[in-house]
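Throughout, a chain's letter reflects where its sequence line sits, starting with A, and its residues are numbered from 1. Just so you know, these numbers use all the heavy atoms, side chains as well, and skip hydrogens, waters and symmetry mates.
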Protein chains: 2
Amino acid sequence: MKKNKLESKLSAHSPTYQPLYKQVEEYVTQLIIEQRWKPGDMLPNEFQLAKEFNVSQGTVRKALNALTDAQILNRKQGIGTFVSEHTDQQALYRFFPLVADNKKPQLPMSETISRQLILATKNIAKNLQLKENEEVIVLSRLRKIDDEPCILEDIYLPKKYFNKLMEEPEIPHTLYHFYQTHYHLTVQDITDQVKAVLATSSDAQRLGINVGDPMLSFTRLARSLNDKLIEYRITRCRSDKYHYLVNLS
Amino acid sequence: MKKNKLESKLSAHSPTYQPLYKQVEEYVTQLIIEQRWKPGDMLPNEFQLAKEFNVSQGTVRKALNALTDAQILNRKQGIGTFVSEHTDQQALYRFFPLVADNKKPQLPMSETISRQLILATKNIAKNLQLKENEEVIVLSRLRKIDDEPCILEDIYLPKKYFNKLMEEPEIPHTLYHFYQTHYHLTVQDITDQVKAVLATSSDAQRLGINVGDPMLSFTRLARSLNDKLIEYRITRCRSDKYHYLVNLS
DNA sequence: TAGTGGTCTAGACCACATT
DNA sequence: ATGTGGTCTAGACCACTAC
């Protein structure tokens, strides 16, 4: 009897049983993590994958469609199946929730104000699940929408995942695409905790608002495809003309 | 040649072409709206539906699974397919984003402070897509987590969808379940716009905080299964111990 | 034991895009 | 003309639940 490359179908009662299409999903994800296919690459067609994995084409299809729903792949009729890239458009709709009141969503420009190498404080270590005193890179950015400064960001990155970041000549403003192309880290899952705070004198000075004005502040944790915590970010945004937009459906 | 009850397969080039499984999805949704099946009811099994719609069982399955992903149905192996109900648990995870810092999500108690019938202001009319001066019911609620007052809500409901609401002896604290059971309106889609504001003297008094403290304020628009705007809500929450939690994945 | 949804396969045909 | 994903069908078998 022929044996699957993936776990045999007969193991249905083992405690780690996964349906074949789930196994295909995980295996394809693993291959992407290991860079057999990189963002933008086209996968082999369904029949080729089916042959490689020793499953039927329908099972491959179910797996690829699930990965498409998870935005890990995208498929185009008549063309092929591709590993998703974090383009500007995607980043905007998927990960950037701040919108000017009564306007369409728009991706702001970013200016990196400072770049430092520090040792993780207790708080940073806890959030990024690092040991205290592990090395962390801190980026401070000022972001502008329609040329108006409106957002301040402090971004904490584990040095171990971003080895050469301190030596980069320049940091582009679409960070998640940068993580993907330069560090093989694809942001897959984000949690934001939104709070209201009062503008400090430093906020006020940099954004041209008044001390004590209400501001939105959110702390973000981002996980990569391989489920590692790769970014801890604190964003502060003036709240007079901007809001944080959420759709629950 | 046999003809489908649903649009014929042969109309593939008509401008309104929908694949069969999409048509099944929409038809089943319509039947739920028309109350052939109510929240909690079990649907016929896949083969019975397939026979009724003159499609194959696999096509019905694809449609029912899509509706399950959209949380309109839920399916249990060995039992059946059911129309979703807005239970407390569901409401909490799906629609209630406010969480006490460092705690698990928890559904707050609600006390209805006032109930009024008013004419829509320009702002309310715009948000609920009503004509100005259409009748609107306003509920004001105070919500408590762990017995601590923390949230104030003003809820605007078009009178035309909530006819007898002013006569209800009591308004329960799980509103979305109440809409579903008493007014056949299932909340399906929500948009929240989150802002930071300063506590007014009224906020401060009712929540036991200080005037000028930062607060989270979000305005919510809710659409029902049949895509009507049914609720406009303004929520204000003290931000010292609570945050608005979002997961983007 | 009967009935439900879940998995897996196989194959025909369609729609779209490129060459 | 060729190759891709999308739709639709048919049927076998498995797993879970209730009676």
Report task. Using a strict cut-off of less than 4.0 Å between a Lys/Arg side-chain nitrogen and an Asp/Glu carboxylate oxygen, indicate whether B:R75 and B:E46 qualify as a salt bridge. Result -> yes
Requested in this report: Please check the phosphate of C:dT7 (OP1 and OP2 only) for any side-chain N or O of A:Y21 closer than 4.0 Å.
Outcome: yes
**Report entry** Results of side chain to side chain donor-acceptor pair (under 3.5 Å) for B:D41 - residues two or more places apart only
**Finding:** none
Query raised in the report: How about A:H86 and A:F95: are their ring centroids closer than 6.0 Å?
Result: yes
**Report entry** A:K51 NZ to C:dT9 C1', straight-line distance once rounded to whole Å
**Finding:** 18 Å
Query raised in the report: Tell me: CG of B:N54 to P of D:dT7, nearest whole Å?
Result: 20 Å
Report task. Please report, rounded to the nearest Å, how far the P atom of D:dA12 is from the CZ atom of B:F47. Result -> 10 Å
Report summary line: From CG of B:L49 across to P of C:dG3 the rounded distance in Å is 17 Å
Report task. For D:dT4, take OP1 and OP2 only and decide whether either is under 4.0 Å from a side-chain N or O of A:T81. Result -> no
Query - Nucleotide nearest B:S56 when distance is taken to its side chain, options D:dG6, D:dT4, D:dA10 - result: D:dA10
Query raised in the report: Taking the side chain of A:R61 as its heavy atoms from C-beta onward, which of D:dG5, D:dC16, D:dA18 lies nearest to it?
Result: D:dG5
Query - Side chain of A:N45 - closest among D:dG5, D:dT7, D:dG6 - result: D:dG5
Query - B:E46 CD to C:dG5 C1', straight-line distance once rounded to whole Å - result: 6 Å
Requested in this report: Side chain of A:I79 only, please: which of C:dC8, D:dT17, C:dA17 is the nearest?
Outcome: C:dA17
Report task. Remember a base hit wins even if backbone is also touched, and classify A:Q57 as base, sugar-phosphate or nothing at under 4.0 Å, heavy atoms. Result -> nothing
Requested in this report: Return the set of residues passing side chain to side chain donor-acceptor pair (under 3.5 Å) with B:D147 (not counting sequence neighbours), or none when no residue passes.
Outcome: none
Query - Side-chain N or O of A:T59 closer than 4.0 Å to phosphate OP1/OP2 of C:dT9 - result: yes
Report summary line: Ranking C:dC8, D:dC8, D:dT4 by distance to the side chain of A:P19, first place goes to C:dC8
Report task. Specify the separation, in whole Å, of atom CG of B:N65 and atom C1' of C:dG5. Result -> 9 Å
Report summary line: A:F82 atom CZ is separated from C:dT18 atom C1', nearest whole Å, by 12 Å
Query raised in the report: Between the base of D:dG6 and the side chain of A:R75, is there a donor-acceptor distance below 3.5 Å?
Result: no
Report summary line: note: A:N74, atom CG; D:dG5, atom P; distance rounded to Å ~ 12 Å
Report task. Check whether any side-chain N or O of B:K62 sits under 4.0 Å from OP1 or OP2 of D:dT7, and answer yes or no. Result -> yes
Query - side chain to side chain contact (heavy atoms under 4.5 Å, CB included) evaluation trace for A:I234 with A:F218 - result: CA-CA 6 Å; A:I234 299 175; A:F218 58 95; over 6 Å; no
